[in-house]
Amino acid sequence: MMANSSVYVGTVGQAVWRSVDGGETFRQACAGMFMEADVRALAAHPTDPRILYAGTDVGLYRTEDGGDRWERLETPFDPGEGWPGGVAIWSLLILPREPETLFVGVCPAALYRSRDAGRSWEKLNADISPECRAIRYSRVTCLMADPNDPGAI
C-alpha cells in the first residue's frame, strides 16, 4: 500500500477511524457523527475519494472531505432512537458506472435505492423474509454490483 493512501475502518462502538499514511497509524475521524456509532458499512465514491458514506445503527452519513466532517442524511429508514428502535444499516453500494445511485441494505431486512446521491429514497420490492430463526431479524449484509452486467446487483 502506498504511504500516502487513506484507509478507512468502520467499527462497532467507535465510529470511523482513518489512516492517512497507508495504515501505519489511525485516528478517529467521525466529527458530526455519533462517536460511538456501530459502522457496519462504508462505501467510497468511485471517482472522488473524498466522498464516502457510512451506514450505522444511528443513520446514514456522508462526508465530502475525506472524513473530516460527516453529515447525517434524512432517509425513510431512519433508526429513530437507534436499533432496535428503527433499523440498522448493514450494507452500502455505490454503482461504479452511476455514482449518484446508492443502494442500502438494512436490518430488519429491506433494500432501498437513491438515484440522486442520497437526497431521496425508494424502498425496493424485494422478497426477503423478515425473520430468521437463528438470529431473529434477517438483514442484508452485502451488496455487490455485477461487473459483467451493469444493471444487476
Side chains of [X] and [Y]: does their closest heavy-atom pair fall under 4.5 Å?
X      : Y     : answer
Leu95  : Arg97 : no
Val140 : Trp90 : no
Arg27  : Val20 : no
Val39  : Tyr61 : no
Val104 : Phe77 : yes

Point to revise | Sidechain-backbone polar pair: Gln28 side chain, Gln14 backbone, donor-acceptor under 3.5 Å | key: yes

Review point. Does the Asp57 side chain pair with the main chain of Asp38, one donor and one acceptor, at a distance under 3.5 Å?
Key: yes

Can you tell me how far the [atom1] atom of [X] sits from the [atom2] atom of [Y], to the nearest 0.5 Å?
X      : Y      : atom1 : atom2 : result
Glu71  : Leu60  : CD    : CG    : 10.0 Å
Tyr8   : Ser19  : OH    : OG    : 9.5 Å
Ile94  : Asp48  : CD1   : CG    : 10.0 Å
Glu98  : Arg115 : CD    : CZ    : 7.5 Å
His45  : Thr63  : NE2   : OG1   : 13.0 Å
Ile128 : Arg139 : CD1   : CZ    : 12.5 Å

Tell me the closest heavy-atom pair linking [X] and [Y], and the distance in Å.
X      : Y     : value
Arg40  : Ile89 : CB-O, 3.5 Å
Ala145 : Pro96 : CB-CD, 3.9 Å
Arg69  : Gly32 : NH1-N, 3.1 Å
Ala15  : Met33 : CB-SD, 3.8 Å
Cys30  : Trp70 : CA-CD1, 3.7 Å
Arg72  : Val58 : NE-O, 2.8 Å

Point to revise | side chain to side chain donor-acceptor pair (under 3.5 Å) pairs, two or more places apart, involving residues 104-114 | key: Arg113-Glu122, Ser114-Asp116

Using the rule that two of Ile, Leu, Val, Met, Phe, Trp, Tyr join whenever any of their side-chain heavy atoms come within less than 4.5 Å, decide whether [X] and [Y] are in one cluster.
X      : Y      : value
Trp121 : Tyr53  : yes
Leu143 : Leu124 : yes
Ile153 : Leu92  : no

Check your understanding: Between Arg62 and Glu64, is there a salt bridge with N-O shorter than 4.0 Å?
Key -> yes

Practice item. Evaluate side-chain contact (heavy atoms from CB on, under 4.5 Å) for Phe34 paired with Thr56, printing each intermediate quantity in order. Key: CA-CA 9 Å; Phe34 176 54; Thr56 79; over 6 Å; no

**Study point:** Residues which pass side chain to side chain contact (heavy atoms under 4.5 Å, CB included) with Asp149, listed by chain and number, not counting sequence neighbours
**Key:** Asp146, Ala152

